[in-house]
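Below: the structure, in structure tokens.
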Amino acid sequence: MPSRPPPGTVGRPVTAQTNAFVMHWNRPSTNSGYVYHYDGKYIILPLWDTGSRQFTLGNKKGTEIIMRLQHNVCPEIFNPLGAFDGKKNLFSFAEYKFRSQEFRVPWDNRSSYNSPPKEVTVRIVFVKRIDVSTLHRLIQGDPDSIRPESDSSTAINMLNLFIQSTPRMTEPRIFNMKSFFTPHQKFTSQKIHPLELWRGHFQSVRPTLGKIVVNVDVTIGVILPADSLEKISAEFLRLRGIRELGDLKESSIKKLRLFLKGVKVDVELPGHSGKRHKTIKDIVVDVGKIKFDKGGERTSVADHFAIAHRYTIRPGSLGVKLGSDGLFPMSACKTIQQLYKNRSSPDVVREALEFFPRDPKQRLNAITAGWQQLKYTQSPFLIGAGISVNPQPLSVQGRLLPSPTITFGDSQLAPQRQGTWDVMRRRFIKPAQISAWTVVDFANCDPTVLNRFIADLGQCMVERGMSVIPPHNVVRSLPSSVIAQVLSTAGRAANATMILVILPESAPDPYREVKRFGDITQGVVTQCVKWSRKLASDAQQRRANQYYNNLILKINAKLGGINYMPKNQAMEYLKSTPTMVIGSDVSHPAPGSLLPSISALVASVDERLCKYTASIRVQASRTEIIQDLSEMFKIALTTFYKMHKIYPKRIFVFRDGVSEGEFQTVLSKEVEAMKDVLPETYGKNQADWPELTLIIVGKRHHFRFFGNADAQDPRGNGNLYSGFVVDQDIIHPVYQDFYLQSQPGLKGTSRPSHYTVLRNGSNLSSDALQEIA
């Protein structure tokens with residue numbers, strides 16, 4: 001692990017607030033300085049016959065049972081209260097008077113039953129005593145405190161559990177690992193019906209150098225309400241009524257199957273009341289006709305339900321497969337109110353962005369205004385431990401890095417404002433040539449307006465220095481057509497090196513088909529245009545110049561051209577010695593999917609760091625480590641060598657999508673995978689090997705920065721200027737890291753990237769690393 005260099009000094013000092021709140025720990029005299037960890041492999045078991053079914057318990061129900069045990073069954077033993085994670089871990093700041101004990105606890109709180117109340121056995125087993133002083137060593141920067149055998153990770157998980165326990169127990173609300181959502185601020189819209197948006201709060205305990213903070217943020221939960229499953233399905237498909245569910249096209253069934261997979265429902269039939277929620281595994285067409293073996297005879301689902309449940313299944317009814325419980329008609333099922341976990345549609349994403357606080361000031365106000373919902377001052381867990389959280393946002397010291405100058409083909413351009421440059425009236429460094437291209441219109445555009453759009457786009461390409469002729473043809477087709485067939489025919493007729501594809505404003509499926517055709521099937525450049533009323537109006541009135549230029553930046557790069565090049569000290573350093581910059585990531589399928597993960601690597605192959613080679617591989621689902629990294633890295637090195645007759649002397653790897661818990665695994669396995677290639681390419685003498693720097697880039701975090709008036713970009717929605725960097729106050733106590741906001745804000749609150757330097761092979765200073773990033 002590299003030693004931490006001093007903080008950077010380049011740039012104008014700026015003070016900002018962040019959504020971090022300092023945690024204080026005033027240990028009461030009765031607290032020994034230890035946390036006591038209890039659990040068991042199977043701590044909650046039913047005292048009734050479950051048959052052949054495996055008994056499983058959700059987090060919410062598990063927490064409910066453990067709290068009932070502590071509050072109602074044995075309050076004299078569990079004093080103070082322990083915090084339970086819903087699975088198997090119970091933490092307490094007091095040692096309970098047993099090592100292992102079994103308790104009988106009612107299944108629920110109902111006071112009257114026609115039959116004896118259900119009970120479960122709860123076995124609590126002492127695991128170990130955790131020394132809280134390990135956290136003190138962690139925030140002081142002790143490298144041993146992050147080793148796997150250290151208790152610091154368990155202690156941080158325990159603190160997270162203590163701050164989250166009280167908000168979770170307050171109804172009505174829905175929660176996940178680190179967020180909870182309430183219906184007090186919810187949003188509904190016909191565009192996303194039947195889904196709802198609930199505003200909530202994210203909270204996470206984070207160790208920083210010299211202190212522990214709670215990172216608090218506003219967040220949005222996508223909620224599926226409790227309702228008839230048929231009604232939910234009909235609303236999602238925009239049908240006029242549930243009767244139309246019996247006559248769906250295959251495309252609608254596929255769409256509904258993706259929407260409902262993993263959704264939890266209750267079965268509203270005699271004998272099913274009070275049973276555990278069931279999960280939808282699949283959609284079944286005309287469920288009543290399906291036959292199965294029952295007592296050695298073949299019978300239909302409809303006949304079974306008529307005899308066993310006195311329930312009539314309408315002919316043609318849709319059904320669902322519920323886990324291992326078999327088939328049920330949709331009409332007998334009701335969704336429970338739940339957090340919708342499947343991939344959100346573009347409409348849901350757009351509405352969520354509108355529902356979110358519109359600028360940094362509103363976001364910080366929403367965080368502080370919702371402070372009472374966090375209940376830190378009322379939590380029996382925090383009070384018992386002597387923990388308090390300062391309600392004032394933490395102030396941090398940052399800097400505004402100078403923006404680089406941008407070099408074009410005919411000039412150099414200083415930024416018009418911090419972090420922004422205008423390409424209009426500039427020529428590209430290396431303009432591409434378009435010798436043959438065609439246009440395919442799937443949006444039913446007005447021919448006159450589209451022809452003007454194409455002509456003005458072509459003229460704009462010429463102004464940027466590109467060589468372009470008019471398109472071979474404009475092919476018009478419907479988005480319901482076979483996209484690949486239309487593109488193939490049009491592309492062959494023009495012998496096209498590029499196809500410009502005009503799509504309707506909301507067309508995610510046709511877009512994917514276009515990209516599959518161009519990038520995978522045919523290997524031809526495709527550029528999509530989302531045709532909207534605004535774009536049509538701008539094109540008709542010749543006010544779309546900015547849109548044309550943004551589009552041409554993509555087109556020129558896709559065709560092998562070079563748009564521009566930054567010029568500053570960092571670029572001069574990178575050009576001084578043969579250098580390769582690598583970006584790598586692993587993309588995972590949607591939750592619940594069994595599809596494989598996709599790993600990708602891009603690597604620069606020219607001295608300007610403007611041209612890249614790419615590799616992509618399929619690998620085991622949800623595996624974060626890049627499995628074929630050695631082969632992908634070798635391809636990048638070989639490509640670089642073919643262009644320069646020399647291998648790079650310095651290599652910078654920017655690795656995306658790795659959580660802190662996987663840092664050491666990536667450092668050991670992926671660095672070793674790259675090193676395995678070096679003897680074959682550079683020789684066995686390690687002195688000839690390149691300097692290797694590995695930087696993890698994270699964006700899935702909730703730290704945001706809120707600047708004072710003198711540091712806010714007036715054209716950036718109140719965000720800090722781009723180039724704002726923080727490398728103190730909220731940095732990790734052990735790893736070398738910094739936060740950099742590299743892009744200007746347009747909407748909402750800008751999200752900084754979090755850079756963690758796991759290997760600094762070139763021994764660069766903080767300033768040098770930050771300018772390169």
Side-chain angles (χ1 to χ4, degrees), residues 2 401 403-407 429-430 553 557-558 560-586 599-617 626 629-658 666-667 670-671 673-675 677-678 681-682 689-699 723 725 736-738 740 742-743 753-773:
L401 301 180
S403 296
T405 298
I406 296 296
T407 301
I429 286 180
K430 181 185 175 185
L553 288 171
K558 289 179 180 180
I562 298 175
N563 298 337
Y564 49 77
M565 189 174 71
K567 183 177 182 181
N568 61 2
Q569 286 186 341
M571 287 302 300
E572 294 304 315
Y573 167 78
L574 293 173
K575 290 184 347 185
S576 65
T577 300
T579 300
M580 173 182 283
V581 175
I582 291 175
S584 58
D585 191 15
V586 179
S599 58
L601 179 147
V602 294
S604 65
V605 292
D606 71 325
E607 68 279 359
R608 295 167 169 171
L609 307 179
C610 292
K611 283 186 169 294
Y612 286 77
T613 183
S615 296
I616 188 169
R617 297 290 185 275
I626 300 177
L629 182 57
S630 292
E631 179 189 354
M632 298 161 80
F633 181 51
K634 183 179 178 180
I635 291 172
L637 290 176
T638 303
T639 305
F640 190 99
Y641 185 85
K642 287 179 179 178
M643 295 187 67
H644 304 284
K645 304 307 177 187
I646 190 174
Y647 289 111
K649 300 294 185 182
R650 289 189 299 238
I651 298 175
F652 291 87
V653 180
F654 290 88
R655 176 68 159 90
D656 193 12
V658 179
V666 167
L667 184 60
E670 294 196 358
V671 170
M674 288 187 283
K675 282 184 176 181
V677 179
L678 300 182
T681 49
Y682 290 82
W689 291 6
E691 300 169 359
L692 180 60
T693 298
L694 174 61
I695 302 173
I696 305 296
V697 186
K699 298 206 76 172
V725 65
Q736 178 191 354
D737 66 334
F738 58 90
L740 175 62
S742 55
Q743 75 288 347
S753 295
H754 182 207
Y755 296 84
T756 302
V757 184
L758 294 187
R759 181 186 174 96
N760 188 356
S762 298
N763 294 316
L764 295 177
S765 66
S766 293
D767 284 324
L769 285 167
Q770 290 160 16
E771 287 201 76
I772 289 172

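For Y641, the ring-ring contact (aromatic ring centres under 6.0 Å, His included) partners are Y647, not counting sequence neighbours. For K575, the salt bridge (charged side-chain N to carboxylate O under 4.0 Å, His left out) partners at least two apart in sequence or on another chain are E572. Residues meeting the side chain to side chain contact (heavy atoms under 4.5 Å, CB included) test with D606, sequence neighbours left out: I562, R608, C610, K611.
Of all heavy-atom pairs spanning S630 and V677, the tightest one is O-CG2, 3.3 Å. The nearest pair of heavy atoms linking R650 to S576 is NH2-OG, 3.4 Å. Summarising the geometry of T579 relative to S604, their closest heavy-atom pair is O-OG, 4.0 Å, with the distance given to 0.1 Å. Considering all non-hydrogen atoms of both residues, F640 and I646 come closest at CD2-O, 3.2 Å. When all heavy atoms of G560 and K430 are compared, the pair lying nearest together is O-NZ, 3.8 Å. Closest of all the heavy-atom pairs between Y682 and P648 is OH-O, 2.6 Å.
Formation of a donor-acceptor pair under 3.5 Å by the S599 side chain with backbone atoms of V586 is not found in this model. Panel note: side chain D656, backbone D585; no donor-acceptor pair is recorded below 3.5 Å. A side-chain donor-acceptor contact under 3.5 Å links E670 to the backbone of I626. When atom types are taken as modelled, the side chain of R759 and the backbone of L692 share a donor-acceptor pair closer than 3.5 angstrom.
Looking at L740 and L401, their side chains come closer than 4.5 Å, going by heavy atoms from C-beta outward. I772 has its side chain out of reach of T693: every pair of non-hydrogen atoms, C-beta onward, lies at least 4.5 Å apart. Counting only heavy atoms from C-beta outward, the side chains of Y755 and L769 never approach each other to under 4.5 Å. Residues T756 and V658 form no side-chain contact, since every pair of their non-hydrogen atoms from C-beta on lies 4.5 Å or further apart. Side chains of K567 and P404 form no contact here, defined as non-hydrogen atoms less than 4.5 Å apart. Looking at L609 and F652, their side chains never come closer than 4.5 Å, going by heavy atoms from C-beta outward.
Atom-to-atom distance recorded for T613:OG1 and M632:CE is 10.0 Å, nearest 0.5 angstrom. Once rounded to the nearest 0.5 Å, the distance linking CD1 of I695 with CD1 of I582 reads 12.0 Å. How far NE2 of H644 is from OG1 of T639: 10.0 Å, rounded to the nearest 0.5 Å. To the nearest 0.5 Å, the span separating CZ on F633 from CG on L678 amounts to 5.5 Å. Considering CG of L758 and CD1 of I696, their distance stands at 4.5 Å, rounded to 0.5 Å. Atoms NZ and OG, on K649 and S762 in that order, are 13.0 Å from each other to the nearest 0.5 Å.
The neighbour count for K642 NZ, taken as heavy atoms of other residues, nucleotides or ligands under 6.0 Å away, does not exceed 12.
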